[in-house]
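Just below is one structure, and these are the notes that go with it.
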Amino acid sequence: MSDKYDFRAIEEKWQKRWEDQQQFAAIEEAGKKKFYMLEMLPYPSGALHMGHVRNYSLGDSIARFRKLQGYNVLHPIGWDAFGLPAENAAIKNKIAPEEWTLANISQMKAQCIQMGFAYDWNREIASCLPDYYRWNQWFFLKMFEKGLAYKKKGQVNWCNQCQTVLANEQVVNGGCWRDDSPVEVKEFEQWYLRISDYADELLEALDGLEAWPEKVRTMQRNWIGKSIGTRVEFKLEDGTPLEIFTTRVDTIYGATFVVLAPEHELVRSWTDDPEHGPQLAEFAEQVRRVDKIQRTDEAAEKLGVFTGRYAINPYNGERVPVWIANFVLMDYGTGAIMAVPAHDQRDFEFASKYGIPIRQVILPADGTEGDVQDAAFTEYGVLANSGAFSGLGSAEAQAKMTTHAEEQGFGSKSISYRLKDWGISRQRYWGTPIPIIHCPECGSVPVPEADLPVKLPRVEGLSLGGSPLEQVESFVKTTCPGCGGTARRETDTMDTFIDSSWYFYRYADARNEGAPFDGEKIDYWFPVDIYIGGVEHAVMHLIYMRFFTKVMRDLGLVKLDEPVHSLFTQGMVIKDGSKMSKSKGNVVAPDLIVERYGADALRLFIQFCAPPDGELDWIDSGLEGCYRFLNRYWRFVDRYLPLISEHAGTVGDLTDRGRALQRKLHQTIPKVATDIERVHQNTAVAAIMEFLNAAYDYVDKEEQPDPGLLGEVVRSLTLMLYPFCPHVSEEVWERLGNGDSIALARWPEFDVELAREDELEIVVQVNGKVRGRFSAPVGVSREAMEKLALEDEKVQSWIEGKTVRKVIAVPGKLVNIVVSG
RNA sequence: GCGAGAGUGGCGGAAUUGGCAGACGCGCUGGAUUUAGGAUCCAGUACCGCAAGGUGUGGGGGUUCGAGUCCCCCCUCUCGCACCA
């Protein structure tokens with residue numbers, strides 16, 4: 001036979017058989033323990049890339065492993081099929097987005113099958129199909145009913161490249177998450193989901209997500225950005241109230257000015273003012289023109305203009321000037337601040353620049369005087385020059401001063417969040433139509449549930465600019481469900497993150513035509529046991545999906561508070577020091593690898609070559625090593641198959657070498673299992689390789705290898721390899737004479753007794769350095785160990801003529817002899 | 001700046017609880033086999049040293065019989081957040 005196994009024939013054979021047998025179809029079975037293995041669904045860009053292969057190989061090895069352990073496994077996949085690339089491709093290549101997307105899906109599905117991923121294809125979903133997106137619309141209507149979906153005119157993030165609005169979460173470093181282009185601020189009327197209603201719960205519940213990476217939880221905490229402070233109402237000289245938010249009300253006696261965001265509504269009414277109006281208008285316009293990247297750059301110079309107005313500090317009645325400045329943001333707090341240059345670095349810089357007084361009101365707690373002439377003193381301390389509050393500590397003062405404001409009616413305790421409502425309107429075509437009808441009489445009227453789905457019409461000749469649906473007269477023109485009069489449909493489509501916020505629920509009941517899913521099926525499969533994907537969705541998808549779950553719970557649809565038990569974020573695949581990308585020309589196409597080395601070798605390598613949560617540096621020669629390993633495994637099986645088949649039976653009396661191999665086997669089985677459970681596939685694979693090496697060592701050195709033992713070795717090895725390399729494992733399993741698929745077999749049992757070493761090697765140290773070793777039986781006493789150690793010849797030469805001060809013996813491990821002199 | 005994580009051979013990386021540092025793989029060296037190449041197999045491979053031995057987990061200090069692992073200080077890198085009042 002050839003010294004290489006025929007992976008092409010084997011992989012094709014088993015892929016076909018798996019499909020014929022519907023082997024991965026999941027069926028709810030009450031009473032049977034379930035395992036829901038979920039991976040982030042891909043965008044159907046046209047071809048699977050190495051990042052997908054890594055993500056899905058990890059998920060697949062877990063799914064297959066759990067199946068061997070007897071779990072009822074749900075392992076589904078689908079397509080995040082709406083989105084801009086399809087639409088852009090359509091504009092560029094004059095092909096309908098639907099055709100483009102569906103063609104990509106079928107290509108990528110074929111690639112998934114080629115990789116041997118064990119998906120239940122009966123549950124496949126594609127978010128661009130009406131039987132999926134109608135439920136997006138349905139959820140939207142439910143939220144509309146509850147007041148959780150609403151329309152508002154406000155400032156939004158506009159990506160010029162994408163020609164659409166973006167949610168706050170989708171603005172990364174001031175740029176678009178998709179293409180990095182700078183985001184502009186525009187005024188737009190659009191639809192929002194009231195995620196901020198859930199800010200507190202989303203934050204609090206993070207503590208309970210113990211099986212989520214700390215990193216993701218921290219990112220979400222930062223994103224929600226809860227800060228507790230005080231709202232204080234200043235009054236302008238004409239009596240107009242001006243509310244500010246501060247977390248440091250204890251410093252308010254040091255407020256020497258007040259600053260508004262240039263977008264603040266009071267500013268608009270002041271631009272008519274003949275003296276200061278022109279400068280105000282010009283400055284506001286200037287700030288507006290600067291894109292978000294520059295605006296939010298901390299290094300950017302703090303600029304401002306005096307408004308010509310004054311406000312009264314309600315605590316001390318002091319009259320302070322009102323400014324507008326670029327560093328105050330309209331969308332945080334009240335869009336207005338009291339500025340305390342002595343105790344806030346930003347205010348300090350601003351005051352220094354414009355010659356505003358700096359007044360110290362907090363003294364360091366250590367009793368020193370402190371100095372606020374060179375920089376602000378921002379720590380907590382003791383109040384001074386603060387009226388009745390002087391002498392109090394900052395924390396106590398905050399509480400008392402807030403209470404004071406409440407009693408006097410000019411302020412209250414207040415909590416601000418960085419998290420804003422989720423803007424979901426998109427001015428593009430390839431997405432879920434928002435099921436709303438605008439009627440001149442009745443206003444925004446929801447489409448009746450019975451009329452769902454509102455289907456996306458086909459549009460010929462898509463182009464950029466404007467909302468494409470607006471051009472489709474037959475779509476826009478409709479009648480009002482309320483009054484029957486002529487009305488217009490909403491032409492914005494939904495953010496595609498809506499699609500991915502609940503897709504994993506749909507998997508539990510993917511073909512349900514009467515509801516998004518049946519709650520009982522959710523009860524059975526949920527929560528997701530492990531969710532694997534990239535960390536880049538930490539504050540987008542992963543926060544939206546949590547929000548949706550809480551809304552669905554409040555709608556009585558599910559009983560869960562959180563959808564995902566354990567989250568695992570896999571690392572990036574890089575090559576030559578940077579992320580694989582077309583522009584860098586360092587892309588390795590999975591297809592070509594599969595063609596040359598087979599899917600099993602690729603799956604093995606991508607899981608072996610780096611810890612799953614770290615970066616994976618692609619090295620071709622590493623892959624070849626894995627391919628070599630599979631051939632080595634194959635040759636071993638090939639060589640001993642006749643012997644094993646001939647002597648079908650139990651393990652005979654073993655030689656020491658045989659015992660050693662058997663012991664190694666029974667140590668490897670639990671090692672591989674716990675490694676997969678911990679998502680340490682790299683060390684699981686290493687242990688399997690190590691075991692094969694031991695098996696070769698045995699047959700090389702043993703004159704008559706025990707056929708029973710070899711049988712056990714090959715069977716167990718094959719089962720352990722199955723989660724990683726299912727095709728070759730199936731093939732070997734069949735050759736071993738098993739009629740059924742290996743997937744129906746059970747993870748090998750291991751025997752603690754057989755795994756136990758009967759001789760231990762004890763290391764002897766002298767002053768902490770290894771000087772000798774001896775073997776001792778299991779359970780050797782401390783005293784015996786010390787005695788044996790001191791008797792050791794090599795050790796003797798090290799302690800000769802010295803005084804033994806102390807002997808430390810660690811049972812079964814080592815003896816350390818401390819000497820001096 | 002703040003927060004999190006990391007720093008181990010030529011390389012990717014191992015090392016449940018403090019107890020033999022470098023598993024496994026790549027690469028490299030030598031050998032066997034082969035007409036040759038490839039493939040395969042065997043041996044070796046942290047560093048210095050002929051050896052005995054010594055030195056080694058970013059640097060410095062500490063705790064301990066014993067530290068990659070724990071504590072303190074510093075350096076470097078990666079990621080996230082970043083005018084949030």
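The structure presented is a predicted model; accordingly, all values stated were derived computationally and were not measured. A, B, ... follow the sequence lines: proteins, then strands. Residue 1 opens every chain.
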>> Quick check for you: among B:rG3, B:rU40, B:rG19, whose closest atom lies nearest to any side-chain atom of A:R628?
In response: B:rU40
>> Using a strict threshold of under 4.0 Å (side-chain N to carboxylate O), is an ion pair present between A:K226 and A:D200?
In response: yes
>> Rounding to an integer number of angstrom, what distance separates B:rU57 and B:rA46 when you compare their C1' atoms?
In response: 11 Å
>> Considering every strand and a 4.0 Å limit on heavy-atom distances, what is the contact class for A:I808: base, sugar-phosphate, or nothing?
In response: base
> Using the P atom in both, what is the distance from B:rG61 to B:rG56, to the nearest Å?
Replying inline: 11 Å
> Using purine N1 to pyrimidine N3 plus N6-O4 or O6-N4 for Watson-Crick, or N1-O2 and O6-N3 for G-U wobble, both under 3.5 Å, which nucleotide pairs with B:rA14?
Replying inline: none
>> Between A:W223 and A:E169, does the side chain to side chain donor-acceptor pair (under 3.5 Å) criterion hold? Intermediate values first, please.
In response: CA-CA 9 Å; A:W223 185 260; A:E169 290 77 12; 3.0 Å; yes
> Does B:rG9 sit syn or anti, given that only angles within 90° of 0 count as syn?
Replying inline: syn
> Where each residue is assigned the nucleotide of RNA chain B containing its nearest heavy atom, which of A:R248 and A:Y696 is assigned the position nearer the 5′ end?
Replying inline: A:Y696
> Rounded to whole angstroms, how far apart are NZ on A:K813 and P on B:rC65?
Replying inline: 19 Å
> Of all the nucleotides listed (B:rG19, B:rU40, B:rC83), which has the minimum atom distance to the side chain of A:N816?
Replying inline: B:rG19
> In whole Å, what is the span from the CG atom of A:D675 to the P atom of B:rA14?
Replying inline: 11 Å
> Between A:R359 and A:E318, is there a side-chain N and carboxylate O pair less than 4.0 Å apart?
Replying inline: yes
> Touch check for A:G333, heavy atoms < 4.0 angstrom, all strands: base, sugar-phosphate only, or nothing?
Replying inline: nothing
>> Taking atom NZ as the centre, does A:K794 end up with more than 12 heavy-atom neighbours from other residues, nucleotides or ligands that are less than 6.0 angstrom away?
In response: no
> When we call it a touch if two heavy atoms are under 4.0 Å apart, what does A:E615 touch: a base, just sugar-phosphate, or nothing?
Replying inline: sugar-phosphate
> From B:rC41, B:rG19, B:rA14, pick the nucleotide closest to the side chain of A:Q765?
Replying inline: B:rG19
> In whole angstrom, what separates A:L242's CG from B:rA85's C1'?
Replying inline: 13 Å
>> Between A:K769 and B:rU55, is there a contact of a side-chain N or O with OP1 or OP2 at under 4.0 Å?
In response: yes
> A:Q681 and A:S61: side chain to side chain donor-acceptor pair (under 3.5 Å), yes or no, with the steps?
Replying inline: CA-CA 8 Å; A:Q681 271 86 336; A:S61 64; 2.9 Å; yes
> So what does A:E214 touch, heavy atoms closer than 4.0 Å: a base, only the sugar-phosphate, or nothing?
Replying inline: nothing
> Tell me: CZ of A:F629 to P of B:rA39, nearest whole Å?
Replying inline: 19 Å
>> Please pick, from B:rA85, B:rA82, B:rG25, the nucleotide with the shortest atom-to-atom distance to any side-chain atom of A:Y332.
In response: B:rA85
> Would you say the side chain of A:R773 and the base of B:rC20 hold a donor-acceptor pair, judged only by whether the two atoms sit under 3.5 Å apart?
Replying inline: yes
>> Under 4.0 Å, heavy atoms only, any strand: does A:N767 hit a base, just the sugar-phosphate, or nothing?
In response: nothing
>> Say we look at B:rG3 and B:rA14: how far apart would their C1' atoms be, to the nearest angstrom?
In response: 29 Å
>> With a 3.5 Å limit on both atom pairs, tell me what B:rA6 is paired to, counting Watson-Crick and G-U wobble, or say none.
In response: B:rU76
> Does a side-chain N-to-carboxylate-O contact under 4.0 Å join A:D638 and A:R635?
Replying inline: no
> Nearest to the side chain of A:L329, which nucleotide is it out of B:rG19, B:rU55, B:rA85?
Replying inline: B:rA85
> Looking at A:D207 and A:R221, does any basic side-chain N land under 4.0 Å from a carboxylate oxygen?
Replying inline: yes
> What is the distance from CG of A:L303 to P of B:rC83, rounded to the nearest Å?
Replying inline: 15 Å
>> I'd like the C1' distance from B:rA23 over to B:rU16, given in whole Å.
In response: 15 Å
> For B:rA14, does either OP1 or OP2 sit under 4.0 Å from a side-chain N or O belonging to A:N682?
Replying inline: yes
> According to the Watson-Crick and G-U wobble definitions, with both distances under 3.5 Å, which nucleotide is paired to B:rG44?
Replying inline: B:rC28
>> Closest approach to the side chain of A:N693, judged atom by atom: which nucleotide of B:rG53, B:rG13, B:rG25 is it?
In response: B:rG25
> For the side chain of A:K806 and the base of B:rC65, is some donor closer than 3.5 Å to an acceptor across the two?
Replying inline: no
> Rounded to whole angstroms, how far apart are OH on A:Y5 and P on B:rA39?
Replying inline: 17 Å
> From B:rC83, B:rG27, B:rA82, pick the nucleotide closest to the side chain of A:R418?
Replying inline: B:rA82
>> Can you tell me which nucleotide in B:rC83, B:rA85, B:rA14 comes closest to the side chain of A:P611?
In response: B:rA14
> Run the ring pair (Phe, Tyr, Trp, His ring centres under 6.0 Å) check on A:Y354 and A:W323 step by step: do they pass?
Replying inline: CA-CA 11 Å; A:Y354 292 102; A:W323 288 65; 4.9 Å; yes
> Which residue lies toward the 5' end of RNA chain B, A:T674 or A:M219, if each is placed at its nearest nucleotide?
Replying inline: A:T674
> Does the ring center of A:F410 lie less than 6.0 Å from the ring center of A:Y315?
Replying inline: yes
> Rounding to the closest angstrom, what is the interatomic distance between B:rU69 and B:rC20 at atom P?
Replying inline: 13 Å
> So which nucleotide does B:rA39 pair with, by the Watson-Crick or G-U wobble rule with both distances under 3.5 Å?
Replying inline: none
>> Tell me which nucleotide, if any, is Watson-Crick or G-U wobble paired with B:rG19 when both distances must be under 3.5 Å.
In response: B:rC65
> How far does the P atom of B:rU64 sit from the matching atom of B:rU29, given to the nearest Å?
Replying inline: 49 Å
>> Suppose you measure atom P in B:rU34 against the same atom in B:rG27; what distance do you get, rounded to whole Å?
In response: 24 Å
> For atom C1', what is the distance between B:rG18 and B:rC71, given to the nearest Å?
Replying inline: 13 Å
> Counting only Watson-Crick or G-U wobble pairs whose two distances fall under 3.5 Å, which nucleotide matches B:rG56?
Replying inline: none
> Among the nucleotides B:rA14, B:rA85, B:rG53, which one has an atom lying closest to any side-chain atom of A:T246?
Replying inline: B:rA85
> Do the side-chain N or O atoms of A:R632 get closer than 4.0 angstrom to the phosphate oxygens (OP1, OP2) of B:rC41?
Replying inline: yes
>> Let's see if you can work this out: which of B:rC42, B:rA85, B:rC65 has an atom nearest to the side-chain heavy atoms of A:V818?
In response: B:rC65
>> So, OP1 or OP2 of B:rG54: does either fall under 4.0 Å of a side-chain N or O from A:R771?
In response: yes
> Tell me: CD1 of A:I228 to P of B:rA85, nearest whole Å?
Replying inline: 11 Å
> Roughly how many Å is it from CD in A:E624 to P in B:rG27, rounded to a whole number?
Replying inline: 7 Å
